[in-house]
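Reviewing the structure listed below.
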Amino acid sequence: ASLAGCGFMADASRRPQTHRDAVETKFGWATRPRVLLVLLAFGLVAAQLTYTLSVLAPCRAVADLADQESITNTAIGSGLPATAVATYPGTQMQAISRPNVPPPTSLPFSLARVFVINVASAASRWEHMQRSFADIFGWSLPEMRRFNAATPHRDGCSLPYSMEDCCTVSHEHVLQSFAMDDTVRDDQWALIMEDDIALHPSIPRDQFAEILTSALHMASTSSSPFMYLGLCAPKCLGQERILRAPSGATVTFTQLCGGSCTHAYAVQKFMASHVPRLMHRFDGYVDTIDQAFRNMYTAFNMSFLGSSLQSPDLRAKGSEHAGVFYMKGFDDSLTSSSDWDRRIKVHFVLESWTGRLGNLMFEWAATVGLAAKLGMETHAYFTTKGGNTSECPYTKFWKDFRLQRFSRDVANREHPSQPKHCTLRFQESGANRYRNSLISRLASDIQFLQDKSRALPPKHRGRCKAIQVILEEGYFQSWKYFDSASQIMLHALAAPPYAKAKADKFLEETHRELQQSEPNTTWVFVGVQVRRGDKVHDVGFSSIYFNVNWAFYREGMRRLESKFVDPASPEKRVAFIVTAGGSMEHNSTDQLEAEEALGKVSKTVVFSKTDDPLVDYAILTASSAVVISPGSFGWWAGYIASNGRSGGYVVAPKWLYRETSSLWKQYSVSHYYPPGWTILLNNVTDGELPL
């Protein structure tokens, strides 16, 4: 509900990638020439301005750097030769003095804009920022401007944590907005802040304007167009300098710094438009915006103001959070409350993935659903890399559905600073069965460990700093695992964008052809999901799973047609869209069998010809009603379909397994199927009533 996700959770979920160096190797030398050219272009533009010779010196220094052989194997500003560091009256390498009166915004390298990223639903955060900084901004520094944060409904962005999440999109928007501001010069700066920060208590408030103005000038003359004012787990390669204001206030200034968190930073206008573009060169290699920034810190010569100032907030205890601005705890934050340091985090972790697409969807949904049911909806972890076999394509599943929006990669919690975990294990009572008593027992065990840990001293060896709940290998195929998180499921497991686009095109073309043949007809699409493949043609599978006969599909189609067609209104018709599959290699055999068996059930039956199961999935979920086969893929098509939770718009078979299978005893019809679905016998005869 807030931008807290942009902030504190850096030490665990937003830590730098362990393969950062490899990423820099892959992208660094492709990026650095571009940055050199950008800065060179800035120098050429600046040469046309009517600045004094001393003002133009930094721009010329940047241009000179592009031609110097002495900086081979270094980024801009990394190991700068003494001749390349522009000087300014009153400026020294180790200490900087500025006039008592901060320069107005018309002077070079001045601060032109101050943005606060704030979501509309968190008005109290904006009020906090106004109260906290009323005596700082709007006087010798520009006034703060509220920048409306991106939201999933308005902007289509994702929940934390991914490069498509609302935090990342919000920062992209504010950078692009600043870059397009024609009233600001290229050399001027914008300060970009999130709405949960505070000024470090060691900074005299009446001297902050002097300190910031001096720091911006120092960054500009040091060829550093991006300056952090707060960082989590900072890593600096440059020399730490002392920036000293005339009144005596001092703060450290360091070049070549990277880290996590994006709660406060400043950027020059000429660089603002390039940051989002270059940031997305790391898509697929990093999970969050601050991880992308960290991989750019040498190329941009990012600097850091306040590297020696440790955060006084309780959330930073035992970790590295520094800068002139620090993140402040809020009751509506994802990670904070008045007793933040005593809270025991709970991580739900799926032990291993099993099965194909439909099974994977159940496993993910059950893990996230259990976390939500027990109040830990932001802490569900999964292994996401290394699994792209046809029998268990979990890596592809994770990427196709962009599940980093709603859950986390288990790699993000494997960090040397990660606190001691106490472990609980959870095992399902049956493949398609849900036992509330097991959930209650799990909740009780979690509460016991939390209460016990709170009663112990912080450094006691028996104290749990975090609790991990391991979901042992299983199927977890019951809607009851995630009934309290159904809205998350509907959003997260909707058809991926590429598949939806193909499905929409197919349905639009089908609708256009139908309208041309019968222009006065209103058409309703009803999906039919036929599962054949290994469950029918493989002896091993067919001895376990109870498939359906063709009469089941025909009866289901007739029953759904009767829900939409009124004899008194012949202008309304049903068009059945049949998808067929289940074979590992291709679906051609399944499609031919379906056409032969179902082609004449109704006047209008259309068959999907794609071999991509996700396109079929998108077609089915876009339908007004669905007939499904026994299997998890069809189950999810019915659940996600537009009327999937309405009474009678999904027709499903009663049985999944044969009585000879060990899974038979683990199966419960009411636990597997949601209320309201129409259940028919698998081997129904034409015209038989539903159960």
Side-chain angles (χ1 to χ4, degrees), residues 1-11 14 111 113-151 154 159-160 165-171 173-175 177-178 190-209 211-212 228-232 251 260-266 289-290 305-306 309-317 319 321-343 378:
S2 71
L3 280 174
C6 295
F8 174 71
M9 307 179 80
D11 283 347
R14 304 187 66 128
L111 183 65
R113 296 285 183 268
V114 179
F115 297 107
V116 177
I117 301 175
N118 170 253
V119 67
S121 60
S124 61
R125 298 289 197 91
W126 173 237
E127 293 170 1
H128 151 75
M129 295 293 287
Q130 290 178 305
R131 289 193 306 270
S132 300
F133 298 106
D135 60 334
I136 293 179
F137 297 107
W139 300 90
S140 55
L141 295 175
E143 289 185 344
M144 292 189 303
R145 301 185 180 191
R146 179 184 174 275
F147 193 89
N148 201 17
T151 64
R154 190 186 69 241
L159 298 177
D165 67 16
C166 294
C167 175
T168 303
V169 173
S170 297
H171 282 272
H173 286 178
V174 72
L175 287 165
S177 176
F178 177 55
L191 173 59
I192 298 171
M193 303 183 292
E194 293 171 6
D195 59 4
D196 59 347
I197 66 170
L199 183 65
H200 197 280
S202 70
I203 301 294
R205 300 181 70 85
D206 60 344
Q207 298 175 32
F208 176 73
I211 292 171
L212 180 58
Y228 283 107
L229 283 82
L231 266 179
C232 310
V251 64
S260 301
C261 303
T262 54
H263 55 280
Y265 60 89
I289 180 175
D290 50 2
L305 181 63
L309 301 177
Q310 291 299 306
S311 170
D313 195 272
L314 290 174
R315 298 185 300 168
K317 189 175 182 180
S319 58
H321 290 67
V324 296
F325 288 119
Y326 67 93
M327 285 174 291
K328 182 177 176 60
F330 281 89
D331 289 340
D332 62 342
S333 299
L334 292 178
T335 60
S336 64
S337 73
S338 58
D339 65 340
W340 185 90
D341 61 326
R342 298 180 63 81
R343 294 176 64 185
T378 64

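What you are looking at is a predicted structure, and each value in this text was computed from that prediction instead of being measured.
At least one side-chain heavy atom of His171 sits under 4.5 Å from a side-chain heavy atom of Glu194. Proximity of Arg154 to Asn148: side-chain heavy atoms (C-beta onward) are separated by under 4.5 Å at one or more points. You'll find the side chain of Pro312 reaches within 4.5 Å of the side chain of Tyr326, heavy atoms only. Within the 4.5 Å cutoff, the side chain of Cys232 has heavy atoms near those of the Met327 side chain. Between Val324 and Leu212, the closest side-chain pair of non-hydrogen atoms is not below 4.5 Å. In this structure, Phe208 and Leu141 have side chains that are in contact, with non-hydrogen atoms separated by less than 4.5 Å. Side-chain contact between Val116 and Phe133 is absent, with no heavy-atom pair separated by less than 4.5 Å.
Of all heavy-atom pairs spanning Trp139 and Ala134, the tightest one is NE1-O, 3.0 Å. Between Leu111 and Ala190 the shortest heavy-atom distance is CD1-C, 3.9 Å. In terms of heavy atoms, Cys167 sits closest to Thr262 at SG-OG1, 4.3 Å. Contact detail for Pro142 and Val114: the closest heavy-atom pair is O-CG2, 3.9 Å. Nearest heavy atom pair, residue Cys166 against residue Ala150, reads CB-O, 3.5 Å. The two residues Met129 and Met144 come nearest to each other via the heavy atoms O-CE, 3.3 Å.
Proximity of a side-chain donor or acceptor of His128 to a complementary backbone N or O of Ile197 within less than 3.5 Å is detected. The main-chain N or O of Cys261 is found under 3.5 Å from a side-chain atom of Asp290 such that the two form a donor-acceptor pair. Judged by distance alone, with hydrogens and angles left aside, the side-chain atoms of His173 form no donor-acceptor pair with the main-chain N or O of Ala149 at under 3.5 Å.
The local environment of CD in Glu143 is sparse, with at most 12 non-hydrogen atoms from other residues, nucleotides or ligands closer than 6.0 Å.
With 3.5 Å as the limit, one finds a donor-acceptor pair spanning the side chains of Arg146 and Asn118.
Between the CG atom of Leu199 and the CD1 atom of Ile136 there is a distance of 5.0 Å, given to the nearest 0.5 Å. Taking CD1 of Ile117 as the reference point, atom CZ of Phe147 lies at 7.0 Å (rounded to 0.5 Å). From Leu305, atom CG reaches atom CD1 of Ile203 across 7.0 Å, with rounding to the nearest 0.5 Å. Note that the NE2 atom of His263 and the CZ atom of Phe325 stand 9.0 Å from one another [nearest 0.5 Å].
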